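In this text the structure is predicted, and so the values were computed from the model without any measurement.
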Amino acid sequence: MKVNTQTVNFNANPDLITFLQTRLDKIETFYDKVISSDVYLKVENTSSKENKIVEIKIRVPKENIMIKKQCKSFEEAIDSACNSIERQLVKRKEKLRV
């Protein structure tokens with residue numbers, strides 16, 4: 001799957017990008033018709049510790065799935081967002097079978 005990654009207000013290290021790519025590659029095991037994905041990694045300038053925002057937009061035929069998560073670390077936010085996307089794709093796949 002093609003993954004377009006954009007970082008806002010910081011420079012991402014290669015380990016984070018690798019983690020993101022491997023986590024998104026697992027999504028294809030749940031739904032094989034994923035076209036591409038856009039990921040936006042943002043750091044909010046606030047005093048709270050939960051200032052890391054991850055937005056993932058998955059393109060599938062006839063639909064786009066958008067998830068936005070805010071957590072203490074990017075890894076936690078990516079994992080949480082991917083879990084939500086997996087649930088939505090499984091529901092979509094079940095609807096198509098019926």
Q. What residues form a side-chain contact (heavy atoms from CB on, under 4.5 Å) with D32, not counting sequence neighbours?
A. none

Q | From V34, D38, I65, residue fulfilling side-chain contact (heavy atoms from CB on, under 4.5 Å) relative to R59 | A | D38

Q.
So L41 and L16, do their side chains get closer than 4.5 Å, heavy atoms only?
A. yes

Q: Would you check, one step at a time, whether the test salt bridge (charged side-chain N to carboxylate O under 4.0 Å, His left out) holds for E94 with R97?
A: CA-CA 5 Å; E94 289 297 320; R97 284 186 182 166; 3.5 Å; yes

Q.
How long is the straight-line distance from CD of E44 back to NZ of K52, given to the nearest 0.5 Å?
A. 11.0 Å

(Q) Main chain of E50, side chain of Q70: is a donor-acceptor contact present, judged purely on distance under 3.5 Å? (A) yes

Q.
Are V60 and V90 linked, directly or through intermediate hydrophobic residues, by side-chain heavy-atom contacts shorter than 4.5 Å (ILVMFWY only)?
A. no

Q) With the 4.5 Å side-chain cut-off for hydrophobic clustering, are L96 and I35 part of the same group? A) no

Q: Supply the atom-to-atom distance I85 CD1 to I56 CD1, rounded to the nearest 0.5 angstrom.
A: 4.5 Å

(Q) Distance check, rounded to the nearest 0.5 Å: Q88 atom CD versus E63 atom CD? (A) 8.0 Å

Q) When rounded to the nearest 0.5 angstrom, what is the spacing between OG1 in T5 and CD1 in I17? A) 5.0 Å

Q: Give a yes or no on whether M66 and I53 share a hydrophobic cluster (residues Ile, Leu, Val, Met, Phe, Trp, Tyr; joining criterion: side-chain heavy atoms under 4.5 Å apart).
A: no

Q: Take atom NZ of K93 as the centre, draw a 6.0 Å sphere, and report whether it contains more than 12 heavy atoms from other residues, nucleotides or ligands.
A: yes

Q) Quick one: ring pair (Phe, Tyr, Trp, His ring centres under 6.0 Å) pairs with a partner in residues 30-68, sequence neighbours left out? A) none

**Q.** Hydrophobic cluster identity match, I67 and I58, side-chain contacts under 4.5 Å
**A.** yes

(Q) As an exercise, state the distance from CG of L20 to CG of D25, rounded to the nearest 0.5 Å. (A) 9.0 Å

Below 3.5 Å, can you tabulate the donor-acceptor pairs from side chains in residues 71-82 to any protein atom, sequence neighbours excluded?
unit_1, atom_1, unit_2, atom_2, d
S73, OG, E76, N, 3.2
D79, OD1, R23, NE, 2.7
D79, OD1, R23, NH2, 3.2

